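Reading through the structure tokens given below for one structure.
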Protein chains: 2
Amino acid sequence: MVVTLKDVARASGVHTSTVSRAFSASHLVNPETRIRVLAVANELGYRPNRAARALSTRRTGNLGVIVADIANPFFPPLIKAAQDQARARDHHVFIADTDERIDVEEEAVRSMVGQVDGLILVSPRLSDRRIRELADEVPLVVVNRRLRRLPCVLMDVGEGIRLAVGRLADLGHREIATVLGPPASWTGRAAVRAAEETAREHGVRTYRVGPHQPTEEGGAAAFDAVLDLGVTAVLAHNDLMALGLLRAARERGVAVPERLSVVGTDDTLTARHTRPALTTVAMPVDAAGRAAVDLLLRGADPEVVTLGTRPIERDSTGPAPRG
Amino acid sequence: MVVTLKDVARASGVHTSTVSRAFSASHLVNPETRIRVLAVANELGYRPNRAARALSTRRTGNLGVIVADIANPFFPPLIKAAQDQARARDHHVFIADTDERIDVEEEAVRSMVGQVDGLILVSPRLSDRRIRELADEVPLVVVNRRLRRLPCVLMDVGEGIRLAVGRLADLGHREIATVLGPPASWTGRAAVRAAEETAREHGVRTYRVGPHQPTEEGGAAAFDAVLDLGVTAVLAHNDLMALGLLRAARERGVAVPERLSVVGTDDTLTARHTRPALTTVAMPVDAAGRAAVDLLLRGADPEVVTLGTRPIERDSTGPAPRG
DNA sequence: GTGAAAGCGCTAACAG
DNA sequence: CTGTTAGCGCTTTCAC
């Protein structure tokens, strides 16, 4: 059924080691034999078994990318950028989705260890401690979380959030709610901190709502609480949750932005298409994906790459309603 | 650095095979030794190397899902459903994105063979012939393409398209354009065929535009050609392209649906949120993902699972403008 | 330049 | 119940 090195060796009358060399150390083999062997291999449809190869070389040529939820449009562009970069450096990418579940994340990592040369953990939900343990077993780059002495790629949401909150203050908003995503989200915490600091500097009051699942449903679930607070603007943990808020607002007849301004985070595809178009904080996901692969493949000292973010003002924010 | 079976064996004073059995055939080992061995293993932080294990068992416990573009919101829900189902059956899922490129798809398949127990090809761009060859090397399920004597999961877009076109005819449309996606798209061809047949039955004329990339950009690129045809309605290969058409229409000041009705396919997340909300054909992606895993794991005779589709009427379609 | 042999980490008969 | 042995598919010394 499956053609192995041995089959090729037999069919071309040389030893397996010669066939092996023909593939992975072609300069060590007589050009003529090499050509003959490759011809036979091709004829037979031989494909090296990468897993077996990895067993002796300790290099698989694969990288693993582990994300919380590929259905969250924030992740795919990052994954694709990582993939492009990996391909340019002659590696393949295996992706795993953890469904926002910590046990699944653990399992995903475990199943990849040994089949990849390195792992990129995007917005991991695992504990810092556990990530450090894993880093001992396999080269690791963490995206969206800061861990001392580990290579990290960070997107400074704080920067974009500060600008966004400043803008809301200028528009006259005096009470703002932040809608929280998963408690384990490192960037989420950083964003909330940045929002609250900036708000304080502008004399704006803040409230927290949540945590909720970082999904459209989660955002919708938060809407009533937001409304009850009587705020005039709300910052959502991500665009998905902002979409949920937008939908709930429409269903409840709450005008956006006239009565409530809504700000998302991520600038996903949908943000440009919502009604009203969503104001949001754009993340440099492409750069992050590429940087993660570079860090992983460079394998040098645990460097930290920090990338900037900025708010994109669309139609879901406007002047605060007059009291 | 990395702990192996041998290390555990040495540390617990038994043979490697006993350690192996303690892990994968625990009933074949004395309870006391097993407990001791597992304790030592745990102490040492031993993790079985799945790739090595697979080399002898020929079972990896992994399934591969290969999709054309994870950034296309059509795919993630399918992947997630497949993942859930796989997990329920004690398997992991590795995902690969082929960037709509046939060479990358080939590479992705190749890199996964040997590291997975089976492959799910979603909307493959590879030739039928090549897919059949691959099916000889690795268990395979094809989604969104019909291949004789191979297990397939099909979503009958035709069904939804026929209903959608019928509805357009009822709304008075007499000239309709179909915007084509990638030439290699099997469902795309089926959809166009269904559209043209139904149109003919209703005395409606059809035109084809494209092919274009199945992306928002691709859709936008098709807009001018659509406009030039003077049609009053357009069916897009997928929602992404429909979004592009919507955007281009807005930019050109063409009112949707007053002057042009737009229909997508897939019913992705964004469709509900566009302005106007997109009429589209909903695909049973969850069911498809689950069915694909079931077929793969059952490994029985090459069955074909066909799932129905239906149009969802929103605000991007309306009565044809009066001539 | 090529073959022989050992080994990567693990499992699977086969004895005992 | 456990140790021995062989082998999964491939690479890598080490001789010749």
Side-chain angles (χ1 to χ4, degrees), chain A residues 1-41 44-62 110-117 137-138, chain B residues 1-41 44-62 110-117 137-138:
Chain A
M1 192 89 170
V2 136
V3 186
T4 81
L5 212 51
K6 207 194 272 180
D7 300 322
V8 179
R10 197 177 317 128
S12 46
V14 296
H15 193 93
T16 55
S17 49
T18 304
V19 181
S20 170
R21 283 189 279 254
F23 276 90
S24 29
S26 52
H27 58 284
L28 291 180
V29 67
N30 182 318
E32 295 188 3
T33 4
R34 180 167 54 79
I35 293 185
R36 186 161 44 86
V37 167
L38 292 183
V40 173
L44 263 47
Y46 166 70
R47 307 278 168 226
N49 178 326
R50 302 175 119 247
R53 172 181 288 176
L55 206 50
S56 36
T57 58
R58 302 177 161 292
R59 279 203 60 257
T60 61
N62 300 323
R110 187 156 305 160
S111 75
M112 280 198 169
V113 168
Q115 330 215 27
V116 298
D117 298 335
E137 297 181 37
V138 58
Chain B
M1 191 89 171
V2 135
V3 186
T4 81
L5 213 51
K6 208 194 271 181
D7 300 322
V8 179
R10 196 177 318 128
S12 46
V14 296
H15 193 93
T16 55
S17 51
T18 304
V19 180
S20 169
R21 282 190 281 253
F23 276 90
S24 30
S26 52
H27 58 284
L28 292 179
V29 66
N30 183 317
E32 294 188 4
T33 10
R34 178 167 54 81
I35 294 185
R36 186 161 44 87
V37 167
L38 292 183
V40 172
L44 263 47
Y46 166 71
R47 306 277 169 228
N49 178 327
R50 303 176 117 246
R53 172 181 289 176
L55 206 50
S56 38
T57 58
R58 303 175 161 290
R59 279 203 60 257
T60 61
N62 300 322
R110 186 157 307 159
S111 75
M112 280 197 169
V113 169
Q115 330 214 29
V116 298
D117 298 336
E137 297 181 36
V138 59

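Sequence lines set the chain letters: A, B, ... in the order given, protein chains first and strands last, and positions in each chain run from 1. Everything numeric here is computed off the predicted structure, so don't read it as measured data. Just the heavy atoms: all of them, side chains too, but no hydrogens, waters or symmetry mates, feed the values below.
At dC1(D), none of the side-chain N or O atoms of Thr33(B) fall inside 4.0 Å of OP1 or OP2 (strictly under the cut-off). Listed pair Arg58(B) / dG9(D) meets the phosphate criterion, a side-chain N or O lying under 4.0 Å from OP1 or OP2.
Atom OG1 in Thr33(B) sits 9.5 Å away from atom CG in Leu38(B) (nearest 0.5 Å). Here the CZ-CD distance, from Arg110(A) to Gln115(A), works out to 13.5 Å after rounding to the nearest 0.5 Å. In this structure, OG1 in Thr4(B) is found 14.0 Å from CZ in Arg47(B), a value given to the nearest 0.5 Å. Note that CZ of Arg21(B) is 12.0 Å distant from CG of Asn30(B), once rounded to the nearest 0.5 Å. To the nearest 0.5 Å, atom NZ of residue Lys6(A) and atom NE2 of residue His15(A) are 10.0 Å apart.
Residues Leu55(B) and Pro31(B) both approach DNA chain D. Their nearest nucleotides, taken by heavy-atom distance, put Pro31(B) toward the 5′ side. The residue among Pro48(B) and Arg36(A) whose nearest nucleotide of DNA chain C lies closer to the 5′ end is Arg36(A). When the nearest nucleotides of DNA chain D are assigned to Val14(B) and Ala54(B) by heavy-atom distance, the more 5′-ward of the two goes with Val14(B).
Closest approach of Val113(A) to Glu137(A), counting heavy atoms only: CG1-OE1, 4.4 Å. Of all the heavy atoms in Gly61(B) and Asp117(B), the pair that sits closest is N-OD2, 2.8 Å. When all heavy atoms of Val14(B) and Val37(B) are compared, the pair lying nearest together is CG2-CG2, 4.0 Å.
Distance Lys6(A) NZ to dG7(D) P: 8 Å, rounded to the nearest Å. Distance CZ (Arg10(A)) to P (dG9(D)): 11 Å, rounded to an integer number of Å. Rounded to whole angstrom, the span from the CG atom of Leu28(A) across to the C1' atom of dC16(D) amounts to 16 Å. Look at CZ on Arg50(B): it is 17 Å from C1' on dC8(D), rounded to the nearest Å. If you measure from atom CG of Asn30(B) to atom P of dG3(D), you get 11 Å, rounded to the nearest angstrom.
When DNA chain C is scanned in the 5' to 3' direction for atoms under 4.0 Å from non-hydrogen atoms of chain A, the outermost contacting nucleotides are dG1(C) to dG9(C).
No donor-acceptor pair under 3.5 Å is formed between the side chain of Ser20(A) and the backbone N or O of Thr16(A). Judged purely by atom type and a 3.5 angstrom limit, Arg36(B) uses its side chain to pair as donor or acceptor with the backbone of Ser12(B).
You'll find the side chain of Val40(A) stays beyond 4.5 Å of the side chain of Tyr46(A), heavy atoms only.
For the helix from dG1(C)-dC16(D) to dG16(C)-dC1(D), the angle separating the two terminal helix axes comes to 40°, with each axis derived from five pairs and the value rounded to 10°.
Of all the residues in residues 15-23 of chain A, Ser17(A), Ser20(A), Arg21(A) reach under 4.0 Å from DNA chain D with at least one non-hydrogen atom.
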